[in-house]
Structure formats: C-alpha cells, structure tokens
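Heads up: the structure comes next, in structure tokens.
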Amino acid sequence: MYDVVSDYYGKQLQSSGDLKTDACCDFSTVPQWLKPLLSKIHPEVTARYYGCGLVCPEQLSGCRVLDLGCGTGRDVFALAQMVGDNGAVVGVDMTTEQLRVAEDYQLWHAEQFGFNNVSFIPGKIEQLLSLGLESGSFDVIVSNCVINLSPDKQAVLEGVKQLLKPGGEFYFSDVYCDRRLPTAIRQDPILYGECLGGALYWQDFIDLAKAAGFGDPRLVADRPLAITDDAVMAKVGTAKFFSATYRLFNIDELETACEDYGQAVIYRGGIEHHAQAFSLDKHHSIEAGRVFPVCGNTWRMLQSSRFAPHFEFIGDFTRHYGIFNGCGTDIPFTNENTIGEGAPCC
C-alpha cells in the first residue's frame, strides 16, 4: 500500500477540500490559544493539511518532539512554536511531494518565529530505528491521521516505544472503526487513501498498543466521522468510523487494569492554558487544588512524566485495595452470599 498512499497524497490530493470525509479538523473547533500559532503558518502548508485531529499536547516547552507522517509540516510548525527555541521538532514522511513543501518553507517559518528548531527526514514510519534517530531521545512523539495508512502498525508502535524517553508520551489522532473491516474495503485504494480502509477496529488497536509495551492506552477525545461521498458510503456500508486521540505513556510499570492503592493527586496549576483544571484524558479532569483520588496507573502517568512538577502526590504502592471503582473493570464475583438451602456449592 506504500505506492497507493504516496500517489494519493502526493499527486491526487491537491488540498484538504479534495477529501471525501470530514476527517480534517474544523478550524472553528481549534482552541483559542492555538489559533494565533496556526495563523503564523504559511497558507501553502495549511492548504495541504490532512490531519483528523489536534496533536498539540500540553507542557511542551523545551521538549524534543517527533512528528510521524508530518506531510507538509503544519503540525511541525505549530509544535515548533510550542517547544520554543530550547526545544526541537523532527518531522518524518515518505511522500516526496509533501516533504518538499515542508522543506521549501522551513526558513520562511524560522523568520516568522525568530528561531529555526525543525528538521525533516524522508522515511517510512515503520522503519524509525533505521532513520538515524537515537533510542530514548524524544520527550513526545505525535502523529495525525497517519498510523491507519501504515501496513505494519505493530512496527510503528514498537519503534515509537524505542524512541521515547522513560516517561515520554505518544500523543496521536487517528481513525478507528467499530468493527473489523472486510478485505475488499481494506484493499480499496480510494478507501485506503481516505484513511478508512486501514482503520483499525478500536479493540484491536488497544491490543496492539499493549503488545508494544504501552500498558494503559488513554482516550483523550473522539468524534464520529461523516462520509461526504455517496460512492464511498456505498462501499463501507454500515461500518462506523471515528476520529480519536489517544495518549500512550512509556512507563513499563503500568498495569493492565486500574488498580486501587489508596492514592490521590493534587493539581497545583501551572500547566499553560490549564490554570483551573488539567484533563489527562476523557475521564480524568483534575481540578486545581482539590484532592483527586486516582488509580495506580494514573498516579504513575503523572508522577513519571513531564507533568510531575505540577502535582502533589499522595500515597504509594505498599497496600493494594483491589480494582479501582469506576474504571471500566469490575470484580467478576457476586458480592452476596447466594448459597442457601437447595443451592449447589460445587
């Protein structure tokens, strides 16, 4: 499928308006603080933006960031402003036409920002470890609607795991499906180029992420995708597609379930644009100054990552209280004693 993707994004698509779904993020839904950063990006770069979400995680100042499938570099140039002149952003892409646009405007953006902290590397995201990138050298890795285009998603996730620092984060948006797709859909060139044919069944993604060493994938945001082309709609039938943003932390100690150790955190504030509350994911909005009970995995995600200076940590792992209530996993046993007269006990 490499040739299909290169042709579709390098030659067939000339702008985001050529897409047959509403995958591209609507500018009106972009946070207000991000709009001034995007306004400094050259129109030729933004015109060929095909991302399905926002990949600008919090607290990036001074970070070293890698963008997988960077295309013409819209996200790279936005992230460059967030990491600042003490940070760096590297973009990787295999499509020559897209990467040429990014490189043509690299110095233009450096003049806009007052510093040049970006670089671009041609290559496949399944072969990250062969691109001269040092293992454990990135604080954050991002990707915007690209992993679904990869024919070897497991290799991508394993490469990301190798390149992240301990406590580093993979923060990415992509397209997922509510079911496993039949071969005819997965091999259709148009559907593949539109990020539908390669979309993973969401549960298969969770399994792949865990197999790559990311113990507890966290869903940050999601929305259903609308298919705007009748021919495409006829091909996919009743399958439903979603744009979703996940964050995966490179923390080996994460458990496969949310376990309760009686821990809590207090958000001290200080994360830019999140003065009142910090949302780790879709289900954890942590209000500043308030004691917030958390499972062991959430405690570790905050304590082992770049967010640690902004939190007070209560408790440790010396005593276990079972599964954390409300995490989506429940004890499988009946709490009431149902053994009575006439009831079998074995």
Side-chain angles (χ1 to χ4, degrees), residues 5 9-10 16 23-25 30 34 37-38 40-42 44-46 48-84 87-106 109-110 113 115-134 136-150 153 155-157 159-165 168-175 195 220 243 245-248 250 306:
V5 174
Y9 285 87
S16 58
C24 283
C25 196
V30 172
L34 186 56
L37 306 187
L38 297 180
K40 293 182 180 180
I41 298 175
H42 196 281
E44 179 67 16
V45 171
T46 57
R48 301 185 69 172
Y49 164 70
Y50 307 120
C52 65
L54 298 172
V55 289
C56 296
E58 311 85 352
Q59 206 63 20
L60 291 183
S61 179
C63 286
R64 180 171 163 81
V65 179
L66 175 65
D67 182 6
L68 306 183
C70 64
T72 59
R74 193 209 77 157
D75 290 337
V76 169
F77 294 125
L79 293 162
Q81 299 173 75
M82 297 177 67
V83 304
V89 185
V90 179
V92 172
D93 203 277
M94 71 171 187
T95 307
T96 302
E97 293 87 350
Q98 293 261 53
L99 212 54
R100 184 180 299 123
V101 174
E103 292 171 333
D104 285 347
Y105 290 101
Q106 183 174 346
H109 287 95
F113 307 156
F115 48 82
N116 188 358
N117 62 351
V118 307
S119 59
F120 296 98
I121 300 175
K124 295 182 175 69
I125 61 174
E126 300 85 359
Q127 301 171 2
L128 292 174
L129 301 181
S130 67
L131 300 181
L133 301 169
E134 184 181 352
S137 62
F138 289 96
D139 300 286
V140 177
I141 297 177
V142 302
S143 155
N144 201 331
C145 207
V146 170
I147 293 182
N148 71 86
L149 297 172
S150 170
K153 299 170 176 61
V156 177
L157 292 172
V160 167
K161 183 75 164 57
Q162 285 279 353
L163 292 179
L164 282 172
K165 296 177 181 179
E169 176 186 7
F170 185 28
Y171 187 98
F172 67 107
S173 293
D174 221 291
V175 176
C195 300
V220 178
S243 168
T245 300
Y246 278 92
R247 64 192 335 157
L248 311 179
N250 182 27
R306 65 191 185 281

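At distances below 3.5 Å, at least one donor-acceptor pair connects side-chain atoms of Asp174 with backbone N or O atoms of Asn148. For the pair Asp139 (side chain) and Val65 (backbone), a donor-acceptor distance under 3.5 Å is absent. Of the possible donor and acceptor atoms, one in the side chain of Arg306 sits under 3.5 Å from a partner among the backbone N and O of Glu58. Listed for the Asp67 side chain is no donor-acceptor partner under 3.5 Å among the backbone atoms of Val90. Without hydrogens or angle criteria, Asp75 side chain to Cys70 main chain gives no donor-acceptor distance under 3.5 Å.
Residues Tyr50 and Leu149 have side chains not in contact (no heavy-atom distance under 4.5 Å, counting atoms from C-beta outward). For the pair Ile41 and Tyr49, the minimum side-chain heavy-atom distance is 4.5 Å or more. In this structure, Val140 and Val83 have side chains that are not in contact, with every pair of non-hydrogen atoms separated by 4.5 Å or more. With a 4.5 Å cut-off on side-chain heavy atoms, Val160 and Leu68 count as touching.
The heavy-atom pair separating Phe115 from Ala80 by the smallest distance is CE1-O, 3.5 Å. Closest approach of Ala102 to Gly71, counting heavy atoms only: CB-O, 3.9 Å.
Geometrically, Arg247 does not engage Tyr171 in a cation-pi contact, judged by NZ or CZ lying under 6.0 Å from the ring centre and within 45° of the ring axis.
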Evaluation steps, side-chain contact (heavy atoms from CB on, under 4.5 Å), between Asn144 and Cys52: CA-CA 6 Å; Asn144 201 331; Cys52 65; 4.2 Å; yes
Trace of the side-chain contact (heavy atoms from CB on, under 4.5 Å) decision for Glu44 with Val101: CA-CA 8 Å; Glu44 179 67 16; Val101 174; 4.0 Å; yes
Step-by-step side-chain contact (heavy atoms from CB on, under 4.5 Å) determination, Val76 to Phe120: CA-CA 9 Å; Val76 169; Phe120 296 98; 3.9 Å; yes
Pair Thr72-Tyr105, side-chain contact (heavy atoms from CB on, under 4.5 Å): steps then yes or no: CA-CA 9 Å; Thr72 59; Tyr105 290 101; over 6 Å; no
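Note that CD1 of Ile141 is 5.0 Å distant from CG of Leu163, once rounded to the nearest 0.5 Å. Annotation: the span from Leu54 atom CG to Ser243 atom OG amounts to 9.0 Å, rounded to 0.5 Å. Taking CG of Leu157 as the reference point, atom CG of Leu248 lies at 7.0 Å (rounded to 0.5 Å). Annotation: the span from Gln81 atom CD to Asn117 atom CG amounts to 9.0 Å, rounded to 0.5 Å. The NZ atom of Lys40 lies 11.0 Å from the CG atom of Leu38; values are rounded to the nearest 0.5 Å. Between Gln162 atom CD and Asn250 atom CG the span is 9.0 Å, to the nearest 0.5 Å.
Using the six-membered ring where Trp is involved, His109 and Phe77 have ring planes that are parallel, under 30° apart on the 30 and 60° scheme.
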